[in-house]
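Please read the structure below before turning to the comments.
Order of the sequence lines sets the chain letters (A, B, ...), proteins ahead of strands, with each chain counted from 1. These numbers come from the heavy atoms of this one structure, side chains and all, not from hydrogens, waters or symmetry mates. All of these numbers come straight from a predicted model, not from anything done at the bench.
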There are 2 protein chains.
Amino acid sequence: MVSLRLITDQPVTIADKTFIQLRQDIVEGVIRPSSKLSETELSTKYAVSRAVIREAINRLESCHLVERKANVGARVVALTQDGLEELYQVREALEGMAARLAAIHMTDAEINDLKSLLSTHFETVQSGETYYQEAGDLDFHYRIILGSKNTQLISMLVDSLYHLIRMYRVQLGMAGPRVTTAFDEHRHIVQAISNRDAELAEMLMRRHILYTKQNSQKTLLSHINSQTRM
Amino acid sequence: MVSLRLITDQPVTIADKTFIQLRQDIVEGVIRPSSKLSETELSTKYAVSRAVIREAINRLESCHLVERKANVGARVVALTQDGLEELYQVREALEGMAARLAAIHMTDAEINDLKSLLSTHFETVQSGETYYQEAGDLDFHYRIILGSKNTQLISMLVDSLYHLIRMYRVQLGMAGPRVTTAFDEHRHIVQAISNRDAELAEMLMRRHILYTKQNSQKTLLSHINSQTRM
DNA sequence: AACTCCTATATTGTCGACAATTAACTAATA
DNA sequence: TATTAGTTAATTGTCGACAATATAGGAGTT
């Protein structure tokens, strides 16, 4: 139904697996930001042919995880404050629209699932654990994104933007203290979707992402200050 | 500065040229929608190796101009009403944000250029020619998009979304009667940007795109009705 | 010593061939 | 006749080799 081959179906071809492996290694910093990607080196390292590596690198370029120059080669993107800012601006626009469309297109059953997911999170918060867990937060956002039923939108967010954001999160250690506040924001968004108030859902989602951005930037700044260089 | 290698720099490699040629042929309907892209066939047709064709097809997939299935092959996307709807939803979100950012980041010189571009268009309208010319309209939108100074945003709009939209326009013959009204909308957007009113600029751009969408859908509908199938 | 030009080396770009998979066709059976 | 299994043909996936380009280093000159 949706074209997210790499999400719904498991990878079938060597190039698929290599692409996913490379992406993971880049996102998690095994391959450092700004470092060069030598095709021959990687082909021996991952035990595949250069053609496979080339295809993987091409796909990574489409995700904006690496940058290529003709006849020179590919480098992993650098992590900069401007880059993070740009990312969150795009995310605000796209995911705001996703929330708007989700309020229109999600089925009642899907909305109920979303509510029960929120309840589970609420219990987690009450039990003292930090709510803003990677997995839980991602689950929440993914459901709304998928709820938009817009394949273009879904693909842009899930296939590229989220991996880049995760790269910043993982490598600059952005756990953040936004524990209970984020939960309330989530709750209000779900309420708006449940009321089929598309306008409000978009607005609340955009504000939620704006807050998240400000928090991330603070974390990034302190991270830069604590290091000599990045 | 900006990563738009294929926009700013001219293509240097055979794969670049082939990609651009293939993209043009798909957008302009030389290669029909929903038709299969045989690698061997294309490699003989364009007189390049299969590896080059494969790389081109991979890039086309990233632009959402073709869809691939592993071990089966690639097909040109189909032109559907839902597809057009999805496209315009994404465009509204992204280009609205672009207008917002342009109001913040465009230099005074760039804004003046935009104003003089508008004046040129005004004269064209007065002289009786239709304003909503492909070239003029595109020029206007591109300047605002580039004015956002957000490379992610720019890349998404210029490298993929706009080619898809143009594919619909060209193949379904959407010239549209939105002649002078579109001009007024453009004028108001420029005014908002000139006033550095980011909020208003985004809102006006979104409405402008919404109008364009409704117009396109009307054209598409009548196009479908005049044909037995599409 | 600084600069330019040239050469050598390493890396990317391109190609044709082989391997693996899918789709179509045929034949056999219920 | 419909269905299933097997076989064949065609297409895609993968690979290693060769060609073209860029970077680095050294020789020569001012």
* To do: From the options C:dT22, D:dT12, C:dT14, select the nucleotide whose nearest atom is closest to the side chain of B:Val72.
  => C:dT22
* Asked: Picking from C:dG13, D:dC15, D:dT12, which would you name as closest to the side chain of B:Thr40?
  -> D:dT12
* Asked: With a non-hydrogen cut-off below 4.0 angstrom, is B:Ile57 in contact with a base, only sugar-phosphate, or nothing?
  -> nothing
* Quick one: A:Arg68 CZ to C:dT12 C1', roughly how many Å, whole number? -> 8 Å
* Closest to side chain of A:Ile14, choosing from D:dT12, C:dC15, D:dT14 -> D:dT14
* To do: Using a cut-off of strictly less than 4.0 Å, decide whether A:Ser49 has a side-chain nitrogen or oxygen near OP1 or OP2 of D:dT14.
  => no
* To do: Provide, to the nearest angstrom, the distance between the CZ atom belonging to B:Arg54 and the P atom belonging to D:dT12.
  => 8 Å
* **Side-chain ion pair, A:Lys213 and A:Glu95, N-O less than 4.0 Å** => no
* Between CG on residue A:Leu153 and CG on residue B:Leu87, distance to nearest 0.5 Å -> 11.5 Å
* To do: Would you tell me whether A:Ser216 and A:Tyr88 have side-chain atoms, one donor and one acceptor, within less than 3.5 Å of each other?
  => yes
* Asked: Separation of A:Lys69 atom NZ from D:dT23 atom P, in whole Å?
  -> 7 Å
* Integer-rounded Å distance: D:dG16 P and A:Ile53 CD1 -> 13 Å
* Structure fact -> Considering only heavy side-chain atoms of A:Val52, the closest of D:dA22, D:dC15, D:dG13 is D:dC15
* Would you mind reading off the distance between A:Glu61 atom CD and C:dG13 atom P, rounded to a whole angstrom? => 10 Å
* Would you check if the distance from the ring center of B:His163 to the ring center of B:His64 is below 6.0 Å? => no
* Asked: To the nearest angstrom, how far is B:Asp16 atom CG from D:dT21 atom P?
  -> 13 Å
* Counting heavy atoms from C-beta on, name the nucleotide in D:dC15, C:dA17, C:dG13 closest to the side chain of B:Arg50. => C:dA17
* Structure fact -> Residue pair A:Asn71/A:Ala47 against DNA chain D: nearer the 5' end by closest nucleotide is A:Ala47
* Asked: Just to confirm, is there a sub-4.0 Å distance from OP1 or OP2 of D:dT12 to any side-chain nitrogen or oxygen of B:Lys36?
  -> yes
* Using only side-chain N and O atoms of A:Thr13, determine if any of them is under 4.0 Å from OP1 or OP2 of D:dT14. => yes
* **A:Glu55 CD to D:dT12 C1', straight-line distance once rounded to whole Å** => 11 Å
* Check whether the side chains of A:Glu85 and A:Gln81 place a donor and an acceptor atom closer than 3.5 Å, and report yes or no. => no
* **Length of the CG-P vector between B:Leu42 and D:dT11, whole Å** => 12 Å
